[in-house]
Each structure stands twice: as C-alpha cells, then as structure tokens.
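Chain identifiers are assigned alphabetically (A, B, ...) following the order of the sequence lines, protein sequences preceding nucleic acid strands; residue numbering begins at 1 within each chain. As the structure is a computational prediction, the values presented were derived from the model and not from experiment.
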Amino acid sequence: MLNRIALFCLLLAPLPALASGLPQGDPAALGFAPDRLARIDAAMQRYVDEGKLAGMTIAIARDGKVAYEKSVGMADTAKGRPMTPDTLIRIYSMSKPVTAVAAMILVEEGRLHLTDKLGDILPEFKDTQVFESEGPDGVRTVPPKQPIRIFNLLTHTSGLSYPGDFDPTPVGRIYDKKDVFNAANTLAEMSRKTATIPLTDQPGHYHYGASIDILGRVIEVITGKPLDVFLKERIFEPLGMHDTMFVVPARLQDRFAELYTTGKDGTLAPLREGAGLGLYREDAKLVSGGGGLVSTVGDYMRFCQMMLNGGELGGVRILSPETVRLMTTGQIPADRRGNLPEHRPGSNMGLGFGVLEDLGASEMPGSVGTFGWAGAASTQFFIDPREKIVAVLMTQYMPSDTYSLRADLKDLTYQALVEPRDADAPGGSR
Amino acid sequence: MKKHWTGLFALLVAAAVGLGPAAAGGLPKGDAATLAFAPDRLARIDAAMQRYVDAGKLAGVTVAIARDGKLAYLHSAGMADREAGRPMAEDTMVRIYSMSKPITAVALMILVEEGKVHLADKLSDYLPEFADMKVQDGEGPDGLKTVPAERPIYVHDLLTHTSGLTYDDYENSPVSKLYKQANIFDPARSLADFSKLIASLPLAVQPGTVYNYGVSLDITGRLIEVVSGQSFGAFLKDNIFEPLGMKDTTFRVPAGKQARFAQLYKPDGKGGLQPMTGASYHARFAPDAVMESGGGGLVSTVDDYLRFCQMLLNGGELDGVRILAPKTVQLMTTGQLPPERRPFLARLMPGYDVGLGVAVLDDLGTSELPGSVGEFNWAGAANTFFFVDPREKVIAVLLTQLMPYGDPPLREDLKAWTYQAMTEAHHAE
C-alpha cells in the first residue's frame, strides 16, 4: 500500500512543480483573502481590455507555496496565442540579479573578491577614463580617482553607462556610436569596446548601465566558461529553471511572447527592431548578463524563492545565507545614489537588487528589507523577507515607465494579505 | 430538514452579527479596570471637562477612550446647544471638519487597493484641469506673479499635503486671498466645479517640495469621484459608513437629525461664549448643500468616529468587515516626509511625521506629550481631536464645537487625560 502511494506521488508530484515553479498552496492558509486575490484578476483584465497590455501574468507565493497565479490576455495577438505561465518572456534587467548571484558563487569559492580591481581581471579597463565635458574638439576626460572594483559593478557605481535610449547623455551617445550591444559582438568584444568609452561618473557613484554585462565577462574570465554555460550549470539546472535561457531555439518559438509598444495610432503594435531583439536569435554571439535572459514566471519564482530561503531551494544550496544577507543589504550612502531615489524612492542598492530601506518614502505598501528589480519590458518582481512573500509580474511592453506596474504588483499583493507578520504592520508580531 | 435549519440559523446569526453592533452604535462597553485604566483616575477627566464648561470655555464636550476594542470611558459634559437647552450627549452630531481627512484618505486607499489608481500617478491623468499648473512667485505691480510648476502634482502629494495647494484662511498668503475672493467653499458648488476652480488658481508652493496644509483632501474627493464613477458622498456611504455602521456620519444633516446637531461657539470677548451664526457654519451642512468636502465637510458622532478609529487600529477591519488590508494601514501610518520638508507640521505638532491623511508620532521626546511612537492622529477646526495608539491598543476621541482652533489646549488635554488614567502599558517602552 505504501509503495503504491509512493509511486503515485512520484508520478504526480513533479508535475505541478514543473508547471508553476513552486508548489500550489491554499491561499487562505497562507494569509490571503481569496475575494481580494480575485481583485488582481480584475485589475489585470482592465489593462488588457483597455488595450494597454496584450497579456500579463502575476504570481504570488508565501512560505514557498503559490497563493496566486493567473495569466490574462495574449502572448501574441497576431498568432492568437494566449498568455500562460509557460510563456517565454524577455526579462531584460531581471537578468541582473541572476548574474549577480553567479558572481557571488565565485566570491564564495574564493575565486573572486568584491574588492578586486576590474582592470586586474579585464586588462582593457586599466586605462578607462572619466567623462568631463564635450566640446568642438571632442570629449575631454579625466582619470578616475579610484579604480573600478567588482563591488562597483554589483552596485552600479562603476561609472559605466548605457546606450542613448536608456541613458540620453553624451556618453550614452558614444555607446550608440560604438554599437556596444550589437548581438554580433562576443561578450569579450563587447567588454573591450565598452572599456574604450569614458565612464559617465567617477567610480563610487550610482549610475545605471552596463556594469552587470561587464560582470558577466568577469565570470567568463574567472571560470574559463561562456557565461551562458556557467549560469546553466550553476543556477538554472540546480534550481530546475529549465525555461531560462539567452537564445530561444526554434522548437520553443511557439511559446515566446511578442514584444509590444504603443503604435502611432495609439493601439498596441509589435516592436520588431532595436530593444536587443537580435540577442535571442540562434546566430547571436553576445551573452548579456545585464539584460539578455528569457524566462518564465515559474522559473523566476524559483530563483526568487532560493533568495528568500537564504540561498537554497529544494535541498540545493546556491549561496550561503550570509551572502544573501549581504546582497540584500543597502550598500550606497544616500549622497551617492544618483537618480535611484527618483526611480525607486526609499530604496538603496544591494548587490544586483534594489533594497527598500524607507517604507514611507516608497509611496506603496511593503516591508523594510524587501528587495527586487524590474525589466525594460515592464516585468517586475519583489521578495519580502518579513512577510515571506515572493511576487512576479510578467508582461512584454516597452517603454517600462508607461504604466505603474511596479506599484500594481505591490498594491495588489499587499491588499490581499490579511495576516501580516511584519512587526511594523497592524497585527504583525513584535 | 437539516439544510433548512442550517439556513435559518445562518440567517439569525447574520441578523445578530450584522445588525447588532450597528444598531447599538459605537464600541462595546468594557470594564475600565480590566482594560488597565484606574476608575478613580478616569473620574478626573469628568472633573477636568466640567471645569471647562463651568469656566465658560466650552459649551459642551465629550471624551471617549477605548482599549482592545472596548470602551473604557465615555462621558459628556455641558450643552450641545445652550440656547435650545440641549445637553451634549454621545449621539450629538458635530462638525468634525479636518477629521474628515483621514476618512477621505481611507476612501482613496480603497481604490488604490483595487488597482484603479496609484499613489505615484499624476493627478492630471484623472483631473486634466491640474495639468500645467502655475505657482505664485510674489506680488508684482500687475498683481500676483507666477512661474510654471517644476513638476506635476502626484496623487501621493494630495495625501501628504505636498501638492502646493493651500487654504483660504492664511494671512500673508496671496494665493489664500485668491481662494477667499473666489469663495471656494460655496456650498452650492459641485466638487467637479470646485476642482476646476482650484486648478485655475496658482499653487502656493512648488509641488513635491514642502508640507503645505490645504485643500488637497478636497481634491482627493473629486479624484475619488472620477476614479469610482460615483459621487463622493455615495462612495463614502457604500464603502465606509454603511459597512462600518457609521450611521450618523454625513455631509448634510437631514431634517430628522437637526435636533441632535450641535451649535458652534466662539468666545464672546467677555469671558464667555456666543453661537457662530455666520451662514458658512451652517449652510455647508444643510440638507440642500451640494459641495462634499473631503477635507472638512463631515458631521459625525463619537460613536461613529470610534468605529472608524477601531477599524484602523485593527489593521483595516471591524466586526468581520474589511475596509483595508493591514499593509495599507501600515503604509498610511508610516512617516512619509523627511524633516526638512515639513517645517509647518514641526511647529504645529512637534515630533510628528506626515502619514497618509494622518500625522504619525516618530519622536516621543520632541512631542512634549505622553504617548507611544507610531501613534497617529488628526484634529478638526472646531477643536475636535482623536488619536490611535497601536502599541497600547488605545483610541481616544474628543468632540466639542468651538472656534478658533487651539485654545484651550485640548490636544494636550486628551493625551494627558488618557495616559494618566492608564495603569498598565502593553508596550515595553
């Protein structure tokens, strides 16, 4: 009898885990009001009905169990493919926390240190200068006051920049001119090109840019393996993230979502050029640790749950709890945070994640210590260690500042939570 | 047969639970000593209130103190209407003025929870009249000079009074003068027209800079109308007053309740009081008033306001009815502004930060009053006060009808009276 039950469990148990990332839980037992969770359906459906988004998925888990997972609308309207939890999504900058975890694996092994000078690992950065001004004679630069260290890459304080669409500055225009993110570049070539461009700011000051891509190249040099291979071996396979990848092979194209923007006529239109779209093709050479991953809601939930668990999931340890604690602790003094307060009020930078330090400044419900990030196609996630909650929002829409989806994910998740544990919340335990 | 009985039983329970507390009103009575209040010390509050009445400082006053959801103290002294010979009582209806603001803030957060509006949204996405605002820049030879607003007004600015909007009764404020000239609180004006009128006038300060107390919560009322598709009054009734059994909270006092409506008083200059007969103190609350002022237009009772406070103390729920989620109440009662952005509040209420629709105590020592960090409160122009202390699970409400605001020091009194009677603190500090 026991044998038959065990066999039955073996046959059935892996299926839900594969389908939804984490095991299904009972929402009420997890402290959520089912009628309030149903409001999330309605809020998502409004985005679709109003023609703002083609499709959308939200998943919420507590204590490692899924309390809510729902997809609405279409992954590809022209092909009539609905959005589902299986849909493959360009997660763009939500790649960064993954690459940061990969770097911290090497730090834990003693092969890399946060204090290591970037120029010692990637010699092309030994002489990189800092932008001062732009005149008729070209760009004037000054030497960096301190060298870029690995810590600076993980906190976006390297001074590295981004192409003009994301960074409309003179330095951003040089990134455009040098076509740094061309999919035909190898990561080694991308790194060498980037190193010839002046830094936007002195190392030590937050400036969002290509830091995590360069960190990807650091990982390659330290390990002697391509970044995609290292991530697959050390993160995706151990965590069962079977649908997370840089290149989408032909056999998976029918699960790959279309990317949308708002066209000139005000309706949704596919975005077919730019936006790093070449990165996902089978002939792409560039492996972008800062923005190149495709994933599913279930895979990303597993990644988040690993972080919430202090570096472990399903008996597989990726990082130690102390490393996770360091990664999710604010690292930059308030006067060096650049435009971070504008984009994420109340947050500081951890290593690869933003970390909420000042709830009152954040303009949305939450808990101090919550960490997360977002992607350029409007994807969002957060991990709340006080409430033991993980939440992921997937969609495919640019530009990402069009709708308040970061607020939506927080507002909608927390309005459904009726049994808080955060000591600062009414009814929470002190 | 069994099914039938179960159904009948459920109906009876629903009737008892649903109608019971609402019909009774307020909060259930508790035993003061069990709730850790000393009865002899509570009796001091009777005496202190009576002194104000006997001295002719207040016509009438009511104080209620609850702990753990139960009433530890409720007492009224003096008259609701001296001329009509009506005593102050627990069912007396009073103008709560700015104590309307926390209610309006809760109403907006209901819509935030539904995902229909976000605190970070631009106000002009919903109220287009607030696009391209001008800000006053001092008076010039041709009148008030203005400069363009340096950033849009966001919804969050309304709930934290950082929108740049002002009030009509500030001396030395040129925009305040414009508000007064425009008679902004004309009871005949709709909230839609009020919003357009305010948006046509310059802001007093740049949006998003400093705390500037003003009509932000009135504009929030209009925002609620546009987002919900309901009149503001109907939205409050459907989503707050009826669910919480706040049966006497209203913008307009109906004919049938006029006999419970208190008179408003002011000092007569001879050490006594006289009724305030000006139309503005009466027409705004008349059955035919149109304007529904979320910043200051509500009339309520001690019973009703206690229920509202208890809902907040419980993390958004009362008697099984959930209005907000605990994390939303947490956000509303968390300080939101750095000290340099709230000098006005620092003068008015030292030690307090700005929450959403309430002030939140973040520095007990600076406040010069007994209390607990995390306590939140607000007050009304007719010297009504409330505070909620989440650490001690205490609520206190003081209602009277006296203008102008601030004399006698009833905010200090309510704090002192409540905490001196409390014999056991729940909280370690």
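Ranking A/Pro420, A/Gly427, A/Ala361 against chain B, the residue ahead of the rest is A/Pro420, based on heavy-atom pairs under 4.5 Å. With respect to chain B, the highest number of heavy-atom pairs below 4.5 Å among A/Arg39, A/Met364, A/Arg36 belongs to A/Arg36. The candidate with the highest count of non-hydrogen atom pairs below 4.5 Å against chain B, out of A/Pro345, A/Ala416, A/Gly360, is A/Gly360. Heavy-atom pairs under 4.5 Å with chain A were tallied for B/Gln336, B/His118, B/Glu114, B/Glu317; the largest tally goes to B/His118. Looking only at heavy-atom pairs under 4.5 Å with chain B, the residue among A/Ser362, A/Gly346, A/Pro365 that has the most is A/Pro365. Among A/Ala42, A/Ala33, A/Ala43, A/Gly366, the residue with the largest count of heavy-atom pairs under 4.5 Å with chain B is A/Gly366. Considering only heavy-atom pairs separated by less than 4.5 Å from chain A, the leading option among B/Ala325, B/Gly316, B/Gly315 is B/Ala325.
With a threshold of 4.5 angstrom between heavy atoms, B/Leu337 does not approach chain A through any atom at all. For B/Leu313, the part sitting under 4.5 Å from any heavy atom of chain A is the backbone (N, CA, C, O) and nothing else.
Using modelled atom types and a 3.5 Å distance limit, the side chains of B/Thr104 and B/Thr220 yield no donor-acceptor pair. Between the side chains of A/Asp408 and A/Tyr47, at least one donor-acceptor pair of N or O atoms lies under 3.5 Å. When only modelled atom types and interatomic distance are considered, A/Thr262 and A/Tyr397 share a side-chain donor-acceptor pair under 3.5 Å.
Put simply, the side chain of A/Met307 reaches to within 4.5 Å of the side chain of A/Phe371, judged on heavy atoms.
Using a cutoff of 4.0 Å between basic side-chain nitrogens and carboxylate oxygens, A/Arg337 and A/Asp358 are not scored as salt-bridged.
Surrounding CZ of A/Phe166 are at most 12 heavy atoms belonging to other residues, nucleotides or ligands under 6.0 Å away.
At least one donor-acceptor pair closer than 3.5 Å links the side chain of A/Tyr300 to the backbone N or O of A/Met94.
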